[in-house]
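Here the structure comes first, spelled out in structure tokens, and everything after it is commentary.
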Amino acid sequence: MQAQYTPAEIERAAQALWDESKAFQAKEDSAKPKYYCLSMFPYPSGKLHMGHVRNYTIGDVLSRYHRFQGFNVMQPMGWDAFGLPAENAAIQNKVAPAAWTYSNIDYMRGQLKSLGLAIDWTRELATCKPDYYKWEQWLFTKLFEQGLIYKKLATVNWDPVDCTVLANEQVIDGRGWRSGALVEKRDIPMYFMKITAYAEELLKDLDNLPGWPEQVKTMQRNWIGKSFGAEVCFLCSEELGVRSEEGNPNTPHPSPLTPHPVLKVYTTRPDTLMGATYVAVAAEHALATEAARGNPELAAFIEECKRGSVAEADMATMEKKGMDTGRFVIHPLNGEKLPVWVANYVLMGYGEGAVMAVPAHDERDFAFAKKYGLPIRQVIRPAGDGEWGMGNGQKPPPSPITHHPLPEEAMVEHGICVNSGKYDGLDFNQASDAIAADLEAKALGGKRTQFRLRDWGISRQRYWGCPIPIIHCAACGDVPVPEKDLPVKLPEDVTLDVGSPIKKMPSFYQTVCPKCGGKAERETDTMDTFVESSWYYARYASHDCSDAMLDERANYWLPVDQYIGGIEHAILHLLYARFFHKLMRDVGLFGSPLPLAGEGANDALRAPKSLDEPFTQLLTQGMVLKDGTKMSKSKGNTVDPQALIDQFGADTARLFMMFAAPPEQSLEWSDAGVEGAFRFLKRLWRAVHEHVEQGVVAACTGGALPAELKALRFQIHATIQRVTDDYGRRQQFNTAIAAVMELMNSLAKMGDHSATGRAVMQEALESAIVLLAPIVPHICQALWAELKVGANLLDVSWPKVDAAALVQDEIELVLQVNGKLRGSITVARDAARETIERLALANPNVQKFMEGKPAKKVVVVPGRLVNVVV
RNA sequence: GCCUGGGUGGUGAAAUAGGUAGACACAAGGGACUUAAAAUCCCUCGGCUGCAAGGCCGUACCGGUUCGAUUCCGGUCCCAGGCACCA
């Protein structure tokens, strides 16, 4: 055996062996349980970054571990190849987005291969290839026909100088990133996917995902945001408050002068309705537009509201501003005349684009009312023995408004109604029910359930994306492209300046209507790249299927057993993929129990499995940070892992990434520590070398041993137990590595070179190599062949814990007095509680700290400690 | 602003169901080997205090529950991720 650890040579040899034996090509096989392990595919930005190395190493560790456990593992890889950066690079470097993307893919594929990942490369896909996006277009046409995709206006960031739509990240301090022009909001027609039709199921099914982190499920629940409240209709007052509709049965339709007979709002606090003192509408609201006619000041304010980006974070942090429209509405219950304001904090895209304002019980309304001198009316007081002593039978004070100064802040908690007429004394639920019932009786509202989730706008006015398969015909309207004409191919040989080239390319957009045969134009918008990444996991199963989106192999491989990716995808990507999974299920693409051809008899595997969710187990890896923020290309703080791989090898890179932090935590990059990982691998190599040079032997399998060897065998099997738990249940690899390091430290100190000693050493080294193999597969492949002359590590099964080796005769117990550490005792494994208490109380140091006082209580935690309380 | 996480030595971290805080490493310092360097090996390594044995303090901050809190609860501060057109 070679004395030196030479990573470059060892890794080349191991990878060649895996390639030649097609070791990682996955085949459907019902004789073994399947394990589909998927890491989020990369955007081909140019080079791998540390986040990729971390992500793909985690996936590889889990894949290889499950292979050792006897699973039929599939680990595929592909490219999320459409997207904005390719267009930017195209303009900057005068290269077509397609060419740039393909060359990045080639380079990054090489980098991934050098990491030694156990990937089935025959399933590789790229979302920018027509044979992939054809099926996305096909599904689009199906959903369009079913009404699950529809068209409506949506607000975008508009750069008035470049005359283009800007992504939120392209708006910097309210200006276009290239032109520097002040960005405006503009409404354009877009296609929307009706994700809200699945809101209830997307919410409910989170409860069936025990393998997902609570954090992610909570974020998704809040994002979907199911709320219970009421719809309230405020009657629009004509100049003198006469209502055209209800007051006069002869005019069933609203008069043209009153296009808004009622102003609808949604509230989660119907109990505060009696405290509403004004109503606020969004600048884009029809009522605002109408009121602005002949009111130049208001028109100017509405114009001002259109400045700035559409991003919610910007909307929510800007200064709250408003202006009175001069219009009034009538409160549906008390008949009061309330002013209508236009406010920049009311979002048109959410709810009805209008809110009732209750300043006393909402922070934003409170601040707004203070700023503009609007009335604040308290209608809720704290529950229980409140400040007015309601709890002890006293009468409430007559009028809190006249007797109390204006509150310092809004009281937003639930409480008891006051100053609310017939609703006084009711709590949140009672008041909400009563008020909703009264609204219902007057046909002016009632209980409603509302979701925060909005439909998904998928149109993008960009070039480098999947073309939307719609043809616009003057006679027939929007006509989906028939299946026989799919895919609608995106021309790849283009030059970019500002704007999408296919919008200026008659050869692309001029066509005929599939329905009437008349002249027509293709849609030139492309789809959001989130659409491609919403279903790629399913296509890996049927990667080469040419006549359908998916085939019966999807039934075998789905759902993904383990999905791994960055926490930044916790909401959008993971929600869209869950949505798509349900769409594909409902279109009938999978779920029917088709047995595989030539399937052996394994009924357990044919038991119906749930295909309602795409990802059974989810691991959200923490971000790789540099200087305290996310390592990303746009921030220019990436560290190229290539130098690390070139200098130390893939195993060192993998070991370091897995050892530096547990997978879910963020990891602050530092160059230090890499050397330490490399040193450990050298020590591992040397330990096996020294052993092998004396000749390999059969591994110890148990029996009576001297104390030193017994202790060592205890440690070997405790390590196997711990590492197995760390890989399988805890998915915490840093502690698995630490445990093997501890074992190796003990081996280095072992002085027994007898035949028995060498047998225990053989057992220890064999165990250590398999335990480390998922993380550092190349060196382990080489060392295994030395330890078990010529054997292939890939054929090995996971080491088993020898329960007999874990039996200890004596255990150590910690002694505490009043919870403070005062010593320890060694007792027999099965010592009685009385014996333990007696020994603890007899301990001199315990007695010293008891200071002669009697023991009030003795807490004995079996196997752990004794705490004497005095 | 809203939603979700996080904060432990000089550094990355560990403590798995409330039970010995700092495992395992990195960096640093000291030593061995060497003509020398590298490599390797050994020792020290939270703070204060003490000749020592030891003692006191210490897990962002303030408070609570408990025999016992890094862990649970309430509040505060700071950092990170997401906020629907970055991926």
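From a predicted model like this one, the values you see are computed outputs, not experimental measurements. Below, read A as the first sequence line, B as the second, and so on, with proteins coming before strands; counting in each chain starts at 1. What you see below is based on every heavy atom in this structure, not just the backbone, and it leaves out hydrogens, waters and symmetry mates.
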Need one value for [X]: base, sugar-phosphate or nothing, where a base atom within 4.0 Å counts as base even if backbone is also close, heavy atoms only.
{"X": "A:N745", "value": "sugar-phosphate"}
{"X": "A:V156", "value": "base"}
{"X": "A:M657", "value": "nothing"}
{"X": "A:A313", "value": "base"}

Protein-nucleotide distance ([X], atom [atom1]; [N], atom [atom2]), rounded to Å:
{"X": "A:L681", "N": "B:A39", "atom1": "CG", "atom2": "P", "result": "17 Å"}
{"X": "A:M658", "N": "B:A25", "atom1": "CE", "atom2": "C1'", "result": "16 Å"}
{"X": "A:F678", "N": "B:A39", "atom1": "CZ", "atom2": "C1'", "result": "11 Å"}
{"X": "A:Q816", "N": "B:G18", "atom1": "CD", "atom2": "P", "result": "16 Å"}
{"X": "A:N845", "N": "B:G55", "atom1": "CG", "atom2": "C1'", "result": "11 Å"}
{"X": "A:N818", "N": "B:C67", "atom1": "CG", "atom2": "P", "result": "11 Å"}
{"X": "A:F849", "N": "B:C56", "atom1": "CZ", "atom2": "C1'", "result": "10 Å"}
{"X": "A:M623", "N": "B:C86", "atom1": "CE", "atom2": "C1'", "result": "13 Å"}

Which one, [options], comes nearest to the side chain of [X]?
{"X": "A:E812", "options": "B:G1, B:U20, B:C86", "value": "B:U20"}
{"X": "A:E169", "options": "B:C86, B:G55, B:G19", "value": "B:C86"}
{"X": "A:T529", "options": "B:A84, B:A87, B:U16", "value": "B:A87"}
{"X": "A:H569", "options": "B:C3, B:G1, B:A87", "value": "B:A87"}
{"X": "A:R683", "options": "B:G1, B:C67, B:C41", "value": "B:C41"}
{"X": "A:Y43", "options": "B:U16, B:U40, B:A87", "value": "B:A87"}
{"X": "A:W223", "options": "B:C83, B:C86, B:G81", "value": "B:C83"}
{"X": "A:M741", "options": "B:C83, B:C67, B:C24", "value": "B:C24"}
{"X": "A:K848", "options": "B:A87, B:A84, B:G54", "value": "B:G54"}

Inset, instruction - Could you tell me whether a side-chain N or O of A:R683 sits under 3.5 Å from a main-chain N or O of A:M741, the two making a donor and an acceptor? - result: no

Please write out each protein N/O paired with an N/O of nucleotides 42-46 of chain B under 3.5 Å, distance rounded to 0.1 Å.
none

Inset, instruction - Describe, in one word, how the ring planes of A:Y563 and A:Y536 are oriented to each other, choosing from parallel (under 30°), tilted (30 to 60°) and perpendicular (over 60°). - result: tilted

Legend entry - Reading 5' to 3' through nucleotides 5-14 of chain B, protein heavy-atom contacts under 4.0 Å coded B for base, S for sugar-phosphate only, - for none: S------BSS

Inset, instruction - State whether the distance check finds a donor on one side and an acceptor on the other, under 3.5 Å, for side chain A:R864 versus base B:U20. - result: no

Inset, instruction - Report yes if a donor N or O on one partner sits less than 3.5 Å from an acceptor N or O on the other, where the partners are the side chain of A:N867 and the base of B:C67; otherwise report no. - result: yes

Inset, instruction - State which residue, out of A:Y133, A:Y576, A:Y132, fulfils the ring pair (Phe, Tyr, Trp, His ring centres under 6.0 Å) condition with A:W535. - result: A:Y132

Inset, instruction - Identify, between A:V310 and A:P85, the residue whose nearest nucleotide on RNA chain B lies closer to the 5' end. - result: A:V310

Any [X] side-chain nitrogen or oxygen under 4.0 Å from OP1 or OP2 of [N]:
{"X": "A:R460", "N": "B:A87", "answer": "no"}
{"X": "A:N222", "N": "B:U4", "answer": "yes"}
{"X": "A:K820", "N": "B:C57", "answer": "yes"}
{"X": "A:R679", "N": "B:A27", "answer": "yes"}

Legend entry - A:K371 and A:E319 ion-paired at < 4.0 Å: yes

Inset, instruction - In plain terms, say whether A:R175 and A:D159 are close enough for a salt bridge, that is, a side-chain N and a carboxylate O under 4.0 Å apart. - result: no

Inset, instruction - Determine, using ring centers only, whether A:F659 and A:F680 are less than 6.0 Å apart. - result: no

Legend entry - Donor on one side chain, acceptor on other, A:Y150 and A:D455, under 3.5 Å: yes

Inset, instruction - Treat a base pair as Watson-Crick or G-U wobble with both distances under 3.5 Å, then lay out RNA chain B in dot-bracket form, 5' to 3', with | for cross-strand pairs. - result: (((((((..(((......[....))).(((((.......))))).((((....))))..(((((..]....))))))))))))....

